[in-house]
Amino acid sequence: MACGKRFMLGNHAIAQGFLEAGISVAMGYPGTPSSEIMEYLMEEGGKRGIYAEWSSNEKVALEGAYGAAMTGARAIATMKHVGLNVGMDPLMSSAYTGVEGGLAIVTADDPGMWSSQNEQDNRWVGLHAYIPVLEPYDPANAKELAQIAMEFSEKMKHPVLFRTVTRVSHTRGPVYVCDGKSPVFGKGIDRTQKRFALVPANARKLKAELVGRWAKIEEAVEELPVKVEEGDPGLLVITSGSAFAYVMDSIKELEISPTVINLSVPVPVQRRKVLDLATKANKIIVVEEGDPVVETQIKAVLFDEGIKVPVLGKSNFVSPVGELSIDITNSVLAGAMGIEAPRRRGMDLGYEPPQRPPVFCPGCPHAASYYELKLASTTSKVKPLFSGDIGCYSLGINPPFDEEDVLTDMGSSLGVGMGINRGTNGRSFVVSIIGDSTFFHSGLPALASAIYNKTPLLLIVLDNRTTAMTGGQPNPTQAIPIEEAVRGLGVRNVYSIDPFNVKEAVNTMRNAIDAVKRGETAVVVSKRACALEAARKLRREGVEPLIYSVVEDACKACGICYNMIACPAIQPKDDGRAWIDPNSCVGCSVCAQVCPYDAIKPSGNLDWIKRWGETL
Amino acid sequence: MRINIYMIGVGGQGLITTSNLIGAAATSRGIKVLTSETHGLSQRGGSVDVHVRLGDVNSPLIPLGGADLVIAFELLEAFRAAPYINENTKIIVNSRLIRPPTPRLRLPSAEELINKLNAIRNVKIIDAFNTAIKLGNPIVENMVLLGAAHAAGLNLAIDENAIIEAIKSTMRMPELNVKAFKMGIDLVNGSSPR
C-alpha cells in the first residue's frame with residue numbers, strides 16, 4: 001500500500017496509527033465509543049500477522065497487553081472509559097513495574113453519555129496512576145498521536161494512556177495513512193530479575209523508582225507535540241483534545257485572535273511550553289472536554305512559579321456537564337473577552353415531534369423473554385424486584401416491560417441483586433437479568449458468590465449469542481455453553497428456554513420461580529441469536545425468508561401483539577387492528593403465538609425459525 | 001467555502017452510508033470533510049443524526065442555526081432539525097412517516113405535518129420511499145434523498161461524478177444506487193427522469 005489520504009473513522013485512524021507503530025498484540029473488550037478500534041485491528045492487523053482478540057473483560061484485556069509488553073512486544077488494550085475501572089488493578093501495577101516494550105491503553109470517554117452510565121474523565125486516572133495521557137483532537141491527529149504514544153511508551157519503558165472521546169472516535173475525516181513498521185514481538189522475560197513480581201519488598205523499591213521515572217516523564221513530554229496559534233499574547237487559550245478543534249472554529253467565527261496552545265499531553269501537563277506563554281498573558285482560558293484536569297495542573301504550575309494571572313476553565317467558568325460544541329466555545333471565549341457571542345437558536349417549526357426512544361428491534365429475542373418473564377411472574381404470584389444489567393436488554397426498563405428496576409454497571413445484576421435480597425432480610429424476590437457477554441465479563445464471580453452464600457434468586461441469562469449492543473462482537477458464549485458453566489458451579493436448578501417458544505418458556509420460568517420460592521438459586525438461560533445478526537446471516541446464506549401478516553377479518557383489535565410485545569414491526573391501524581410492516585418483520589413468530597384469535601399467519605418458509613436457532 | 005449538512009432520520013434508513021459517500025466523494029476531490037454520527041443505545045428504530053461539515057472546518061458538530069442544508073429522512077424527524085435551521089437553510093424532507101413504536105401514541109396526519117413544513121422557505125418534500133420502491137428496492141431510499149440534496153445545494157461543493165464514483169467504488173448494487181441518486185436529482189430539478 002502506498003501512502004495516501006483516506007476518509008476514515010476516528011477509531012480506525014487510532015488503530016491505523018498503532019498498526020503503523022508496529023504493535024504485535026491488541027486486546028480489548030467492546031464498548032461504545034471504542035469498539036471499532038479492535039474491529040479494524042482484527043481486519044487489517046490479521047493481514048500483518050498481528051494478534052488481536054476480544055477478551056472476556058477489560059481487566060483480562062489489559063493484563064494480556066501488559067504481559068505482552070513485559071516481554072518486549074508493542075501492545076495495546078482498548079476499552080470504553082468505564083471499562084478502565086474494571087482494568088484498574090493491572091493498570092496501577094503497570095506503572096510500578098513499567099514495561100519492556102510499549103504499552104498503550106486506549107480509553108474512549110463518552111462526554112454527553114451518548115451510550116454510557118457516566119461521563120468520567122479518565123485523564124484523572126493518569127494523575128492517580130502515574131501514567132502519562134495523550135489526547136488527539138481529530139481523526140488525522142489521532143493517527144499521528146497513536147504512533148507517537150507507542151514510541152514514547154517504549155522509550156520511557158512505561159505504559160501510556162491514550163484518551164479519545166466520542167467526537168474523535170466517531171468522527172470521520174481525511175487521514176494520511178502509510179504502511180508503517182512490521183509488528184514488534186517480544187523476546188521473553190528475564191527470570192533472574194523478578195522485576196515484574198510485585199511482592200511488597202519489590203514494590204517498595206519500585207515505588208521510589210516510579211516517582212523518579214515520573215519526573216523524567218514530566219521532562220520528556222516537553223518533546224512531544226504542541227500546536228501554537230500565535231495571536232494576542234495577552235489572552236492565552238490552552239486546549240487539549242477535541243477542545244482545540246472547537247476553539248479554532250470559534251476564533252474564526254468570532255473574529256478574535258488570542259494565542260492558542262494545544263497540548264497533546266494533558267497529563268502530566270507540558271508545563272514549560274505553557275509557562276513561556278503564560279508569563280506574557282493577563283488572562284488564561286483553559287478549554288477541555290470533561291473535567292478541569294489540565295486547568296488544575298496549570299494552576300499548580302503557575303502557583304509554583306509565582307505567576308499571578310486569572311485562569312478560567314471547567315472549575316469556575318465552563319460547565320463540566322455534557323460535551324463541548326462550537327456554541328459553548330463561542331460563549332466561553334466571547335464571555336472571557338466581554339464581547340457578544342452570536343445568538344442563534346434555530347427556527348420554530350410549529351410542532352414538537354414525539355420522542356423516538358430506542359426500542360428492541362423487530363424479532364428481538366429479548367422482547368420475547370421479557371414478555372414471558374412478565375407472564376410467568378404474574379401467574380406465579382410473585383412481585384419481583386428486577387435487577388438489570390448493561391446491554392441491549394437495558395431497554396427492558398421501558399414500557400410495556402418495566403422489568404429493570406436497578407442497573408448500574410457491568411455484572412451488577414447479580415451483586416446488587418444479592419444485596420437487595422440481604423438488605424431486605426430476604427423479603428425481596430430478586431430476578432437478576434444479564435446478557436451472555438456481561439455474564440462472562442463479570443457475572444461469573446458474582447454467581448459463584450451467590451451459590452456459595454446460598455442466596456435465593458432467579459438469574460435469567462439472555463443469551464443472544466453475541467455482544468449485540470456494541471455491534472455484534474463474538475464472545476465466549478460461542479465456545480462455552482452457559483448452562484454447563486452454571487451447572488459446573490453447582491447450581492441444581494438450571495433451565496434452558498427458547499424465547500421463540502412462548503408457552504414452554506413461560507412454564508419453564510414458572511418452575512424456576514418455584515425453586516427460588518423454596519429458597520434456592522435458579523438459572524434460566526434464554527437462548528436465541530440476536531435478530532439483526534441472525535437475519536443478516538440467513539439472508540446472506542440465501543435461506544428463504546419468513547414473514548407474518550395479520551388476517552384482517554380475524555383480528556379483533558385486542559392490541560396484545562402491539563401493546564405487550566411492543567414489536568416495532570407491528571402497528572395499530574386507526575380501527576385498532578394490527579398491521580405488520582412486511583419490510584420490518586423478520587419472522588420470529590412470537591406475535592402469532594400470543595395472538596388469542598389466531599389472526600397472524602406466516603408466509604414463506606417455516607424452516608427459517610429453525611435455521612435461526614442454529615446460527616451463531 | 002464551508003457547507004454544513006445536517007442529516008436526521010430513523011436508525012436503519014442508511015444515514016451513515018449516505019454521509020460516508022459524501023465523505024469519500026469530498027476526499028477524492030481534495031475537499032476537507034468531517035462527519036460525526038450519534039448512535040445511542042439501540043441499533044435500530046431510534047432517532048439518528050449525522051453532522052457533515054465540508055470545507056474550511058476543524059470541529060465536527062454544526063452550531064445551532066448553522067445548517068446550510070438539512071436532509072430529513074423521515075417526516076417527524078424533520079421537526080427535530082429545528083435547532084439547526086436558519087432562514088436560508090435548504091431543507092429536503094422525505095414524506096415517509098415512520099410511527100414511533102410507543103403504544104397509544106397520537107400523531108397528526110402526514111398532510112398536516114407537510115403543510116407545517118411547507119409554510120417555511122426552501123423546503124422541498126419528496127417521496128423518496130415510494131420512488132425507491134418503484135426503482136425496485138426500498139433500500140435505495142437514501143440515495144434518492146442524497147440526489148435531492150445534491151440538487152438542492154450539495155452540488156456547490158461536490159460534483160455529481162464524484163458521488164457517482166464513490167457509489168460505484170463502495171456500494172453493493174452500484175447501478176441501482178446510481179439510478180436512485182440521479183432520480184433524486186431529477187425530483188428536485190423537476191426535469192423528467194433520465
Side-chain angles (χ1 to χ4, degrees), chain A residues 5-7 32 114-115 137-139 166-167 170-174 242 244-246 248-249 252-253 323-327 329-330 342 344-362 392 394-395 399-400 468-469 471 532 559 562-563 566-568 570-572 583, chain B residues 10-12 19-20 23-24 26-28 30 32-47 51 56-67 76-87 89 98-105 107-108 112-113 116-117 119-120 138:
Chain A
K5 214 168 240 186
R6 285 198 352 225
F7 179 65
T32 312
W114 291 101
S115 54
Y137 56 81
D138 72 8
T166 303
R167 295 301 175 187
H170 283 175
T171 289
R172 287 168 213 260
S242 56
F244 177 61
Y246 295 115
M248 292 310 289
D249 278 346
K252 230 177 297 163
E253 176 158 11
E323 63 178 356
L324 292 174
S325 66
I326 296 180
D327 298 295
T329 50
N330 276 354
R344 295 170 301 216
R345 285 284 169 273
M347 195 184 273
D348 181 9
L349 301 182
Y351 174 66
E352 189 72 41
Q355 285 306 304
R356 200 184 289 274
V359 289
F360 289 123
C361 304
C392 288
S394 300
L395 294 171
M469 189 189 195
L532 284 181
Y562 52 77
N563 285 331
C567 174
I570 312 177
Q571 290 171 15
N583 293 308
Chain B
V10 179
S19 64
N20 282 347
T27 306
S28 76
K32 182 166 182 190
V33 55
L34 293 173
T35 70
S36 186
E37 62 221 37
T38 36
H39 42 81
L41 282 171
S42 82
Q43 299 196 40
R44 294 278 160 100
S47 298
H51 296 236
D56 180 20
V57 294
N58 294 289
S59 61
L61 298 180
I62 297 168
L64 293 176
L76 291 167
E77 295 304 317
F79 290 87
R80 246 188 278 282
Y84 295 98
I85 293 173
N86 62 53
E87 59 273 19
T89 307
I98 303 174
R99 244 190 104 82
T102 312
R104 297 180 194 87
L105 179 70
L107 290 176
E112 284 172 73
L113 294 169
K116 278 186 196 296
L117 289 169
I120 50 174

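Because only heavy atoms are used, hydrogens play no part in the values below, and waters and symmetry mates are left out as well, while side chains stay in. The chains referred to below are lettered A, B, ... by the order of the sequence lines, with proteins before strands, and numbering in each begins at 1.
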Item to check | B:Asn20 and A:Arg172: CA distance, side-chain angles, deciding distance, side chain to side chain contact (heavy atoms under 4.5 Å, CB included) verdict | outcome: CA-CA 8 Å; B:Asn20 282 347; A:Arg172 287 168 213 260; 2.9 Å; yes
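In this structure, CE on A:Met347 lies 6.0 Å from CD1 on B:Ile120, to the nearest 0.5 angstrom. One distance of note links CG of A:Leu349 with CD1 of B:Ile85; it measures 4.5 Å at 0.5 Å rounding. In this structure, the separation between OH on A:Tyr137 and CG on B:Asn58 is 8.5 Å, given to the nearest 0.5 Å. Of the inter-residue distances, the one linking B:Glu37 atom CD with A:Thr166 atom OG1 reads 11.0 Å to the nearest 0.5 angstrom.
Partners of B:Ser59 under the side-chain hydrogen bond (donor to acceptor under 3.5 Å, both in side chains) rule, at least two apart in sequence or in another chain, are A:Asp249, B:Arg53.
Taking every heavy atom of both residues into account, B:Pro138 and A:Asn583 meet most closely at CG-OD1, 4.1 Å. In terms of heavy atoms, B:Pro60 sits closest to A:Arg167 at CG-O, 3.8 Å. Scanning both residues, A:Arg344 and B:Pro63, for their nearest heavy atoms gives NH2-CB, 3.3 Å. Across all non-hydrogen atoms, the minimal contact from B:Pro108 to A:Tyr351 is CD-OH, 3.2 Å.
Comparing A:Asn330, A:Asn563, A:Asp327, A:Ile326 by heavy-atom pairs within less than 4.5 Å of chain B, the highest count is held by A:Asp327. With chain A as partner, the option from B:Ser19, B:Ala24, B:Ser36 having the largest number of non-hydrogen pairs under 4.5 angstrom is B:Ser36. Contact count versus chain A (heavy atoms, under 4.5 Å) is highest, among B:Ala81, B:Ala26, B:Ala82, B:Pro83, for B:Ala82. Chosen from A:Pro342, A:Ala245, A:Gly559, A:Pro400, the residue pairing most often with chain B at heavy-atom distances under 4.5 Å is A:Ala245. Chain A forms the most heavy-atom pairs under 4.5 Å with one residue out of B:Glu112, B:Glu87, B:Arg99, B:Lys32, and that residue is B:Arg99. The residue among B:Gly65, B:Ala119, B:Gly23, B:Ser28 with the most heavy atom pairs within less than 4.5 Å of chain A is B:Gly23.
Only the side chain of A:Glu323 comes within contact range of chain B, with at least one heavy atom under 4.5 Å from a heavy atom of that chain. Interface residue B:Ala78: only backbone heavy atoms are found under 4.5 Å from chain A. For A:Leu324, the part sitting under 4.5 Å from any heavy atom of chain B is the backbone (N, CA, C, O) and nothing else. In this structure, chain A has a heavy atom under 4.5 Å from the side chain of B:Leu113, while its backbone stays farther away.
Using a distance-only test at 3.5 Å, with no hydrogens or angles considered, a donor-acceptor pair links the side chain of B:Arg80 to the main chain of A:Pro354. A donor-acceptor pair is defined here as one N or O able to donate and one able to accept, closer than 3.5 Å; no such pair exists between the side chain of A:Arg356 and the backbone of B:Leu76.
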